[in-house]
Amino acid sequence: MKLTTKIMLIALLPVFILGIGTFMLAANRSADGIYNEAYDGMKAAALAVRDIFEVGNPGPYHMDENGQLWKGETLNIT
């Protein structure tokens, strides 16, 4: 093997290893960020729906004889 080839391998191999490691770390962090953002959005939507049910319709949740879910006496959630 030529000397220039050996020098190129010694110089470029760490760069490739660092590049691959950086890519894997960035991909992992991006996936975590996307997951957290989706989770926060779903939680906010669930809390908003809960608040809408609670403010607009007083009374407890119950099921009638037909298996339908009601909030109070006026809101049929089913």
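Only a predicted model underlies this, so the values are computations on that prediction, with no experimental measurement involved. Hydrogens, waters and symmetry mates are skipped; everything else that's a heavy atom, side chains included, is used.
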Apart from I10 itself, which Ile, Leu, Val, Met, Phe, Trp or Tyr residues share its cluster (side-chain heavy atoms under 4.5 Å, direct or through members)?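 Result for I10 is none, singleton.
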Hey, could you give me the NZ/CG distance between K6 and L9, rounded to the nearest 0.5 Å?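 Separation between the atoms: 10.0 Å.
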Spacing of L12 atom CG and I7 atom CD1 [to the nearest 0.5 Å]: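 Result: 11.5 Å between the selected atoms.
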Can you give each donor-acceptor pair under 3.5 Å made by side-chain atoms of residues 51-67, sequence neighbours left out, with the distance rounded to 0.1 Å?
residue	atom	partner	partner atom	Å
E54	OE2	Y61	OH	3.4
N57	OD1	T74	OG1	3.1
D64	OD1	N66	N	3.0
D64	OD1	G67	N	3.1
D64	OD1	Q68	N	2.9
D64	OD2	W70	NE1	3.1

Contacts under 3.5 angstrom, residues 15-34 side chains, donor-acceptor by atom type, not counting sequence neighbours:
residue	atom	partner	partner atom	Å
T22	OG1	L18	O	2.7
S30	OG	A26	O	2.9

